[in-house]
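One structure is given below, encoded as structure tokens.
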Amino acid sequence: MPLNLARDAFSEDDGIALKRRTHRRFSGCPIGGNELLGMLSPLRRRLSGKLRYASAGGLYPVQVYLQVRPATDDLAAVSNISPGTYYFQPEEALLYPVAPYGPIPAAAFGDFNAPVAAASSVSLFLVSDLEAIAPLYGVDSLRLSLIETGAMVQLLEEAAADLDIGLCHVGSFDFESYRQTLGLGPNQVLMHTLLAGRAVPTATPAGEASIVDERL
């Protein structure tokens with residue numbers, strides 16, 4: 001028989017639950033450079049030397065790379081950050097330029113997500129550096145990197161919701177074709193991709209359920 005546990009025994013934050021959702025439309029308004037860093041800040045190393053998520057062996061092989069798109073007539077990208085590829089350095093919580101901007105067609109993100117990619121301001125790539133983990137974990141390296149990636153994405157989602165940044169999960173990206181465009185090496189393996197833009201404010205009529213399509 002199932003255990004009948006009192007609901008009071010659990011702490012629920014409905015605010016976070018309602019704000020965390022997949023965004024398949026963006027407003028076209030810019031994301032501030034400080035807001036983008038604010039979204040990434042939960043991944044930084046604290047003064048204590050600790051991070052907010054665990055990593056096998058304390059190796060932290062999963063890295064965050066971002067491609068910031070240029071502004072167009074239809075798209076306001078990121079304020080105060082030039083287009084290009086950047087690496088998020090968790091020790092100092094800074095973005096370091098990796099490669100100049102090289103266009104990636106929206107179709108590279110798959111047919112279903114192409115319209116979302118075309119409207120996004122930033123693409124985020126969570127990439128595992130196998131040189132950092134394979135010597136210790138061998139064939140388990142990818143599995144352990146995926147677990148770490150999931151923990152990182154959870155923190156990004158919560159931070160993005162508080163900053164009115166919308167995130168869309170992408171299940172398919174033509175990574176190999178654009179590895180050099182992003183300035184990434186042969187030992188770096190894509191774990192997950194996210195598209196980001198300024199969130200569109202949503203108002204759900206009273207009593208009407210909000211249905212969100214979260215397909216990858």
Side-chain angles (χ1 to χ4, degrees), residues 23 26-53 55 59-72 75-104 108-109 116-132 145 148-170 173 175 178-185 187-199:
H23 293 254
F26 302 118
S27 72
C29 296
I31 298 173
N34 287 335
E35 290 176 310
L36 184 60
L37 280 170
M39 182 185 73
L40 295 165
S41 66
L43 306 182
R44 75 183 188 276
R45 190 175 294 276
R46 280 7 193 207
L47 294 177
S48 63
K50 297 285 188 179
L51 281 84
R52 287 180 57 187
Y53 59 97
S55 177
L59 298 174
Y60 293 97
V62 181
Q63 306 163 329
V64 180
Y65 290 85
L66 305 89
Q67 188 189 64
V68 176
R69 295 181 60 201
T72 66
L75 171 69
V78 181
S79 304
N80 305 320
I81 298 182
S82 300
T85 301
Y86 295 84
Y87 164 65
F88 176 69
Q89 216 278 18
E91 307 291 339
E92 304 171 63
L94 295 174
L95 292 177
Y96 282 91
V98 172
Y101 177 75
I104 296 176
F109 295 88
V116 187
S120 65
S121 302
V122 183
S123 303
L124 294 93
F125 305 97
L126 282 79
V127 175
S128 181
D129 181 359
L130 293 184
E131 288 186 350
S145 294
E148 182 173 325
T149 299
M152 296 169 70
V153 168
Q154 177 69 34
L155 292 171
L156 289 172
E157 284 190 318
E158 292 181 0
D162 285 335
L163 293 165
D164 294 323
I165 295 174
L167 291 179
C168 179
H169 295 262
V170 175
F173 173 66
F175 182 66
Y178 296 97
R179 182 188 292 275
Q180 291 186 340
T181 301
L182 296 168
L184 302 180
N187 292 314
Q188 292 173 292
V189 179
L190 181 67
M191 295 288 103
H192 193 47
T193 304
L194 295 163
L195 298 169
R198 174 63 69 194

task = Look up atom CG in Leu156 and atom CD in Gln154, then write down how far apart they are to the nearest 0.5 Å.
result = 9.5 Å

query = Should Pro61 and Ser55 count as side-chain neighbours, where that means a heavy-atom distance under 4.5 Å?
reply = yes

ask   = Got a donor-acceptor contact below 3.5 angstrom from the Arg44 side chain to the Phe88 backbone?
value = no

message = Counting C-beta onward and ignoring hydrogens, is there a side-chain heavy-atom pair between Ile31 and Met39 closer than 4.5 Å?
response = no

request  = Evaluate the side-chain proximity of Gln67 to Tyr101: yes if any heavy-atom separation is below 4.5 Å, no if none is.
outcome  = yes

ask   = Counting N and O atoms only, with roles assigned by atom type, does the side chain of Arg198 sit under 3.5 Å from a partner on the main chain of Phe26, one being a donor and the other an acceptor?
value = no

inquiry  = Within the structure provided, determine whether Val122 and Ile81 are in side-chain contact (heavy-atom separation under 4.5 Å).
reply    = no

Nearest-0.5 Å distance that lies between atom CZ in Arg52 and atom OG in Ser41 = 8.0 Å

key: Side-chain touch Leu40/Leu124, heavy atoms, less than 4.5 angstrom   = yes

task = Could you check whether the rings of Phe125 and Phe109 sit parallel, tilted or perpendicular, using 30° and 60° as the cut-offs?
result = parallel

request  = Begin with the C-alpha distance, continue with both residues' side-chain angles, and end with the deciding distance and a verdict on side-chain hydrogen bond (donor to acceptor under 3.5 Å, both in side chains) for Gln188 and Tyr65.
outcome  = CA-CA 11 Å; Gln188 292 173 292; Tyr65 290 85; 2.9 Å; yes

Student check: side-chain heavy atoms of Leu36 and Leu95 closer than 4.5 Å = yes

request  = For the residue pair Leu43 and Pro90, establish whether any side-chain heavy-atom pair is separated by less than 4.5 Å.
outcome  = no

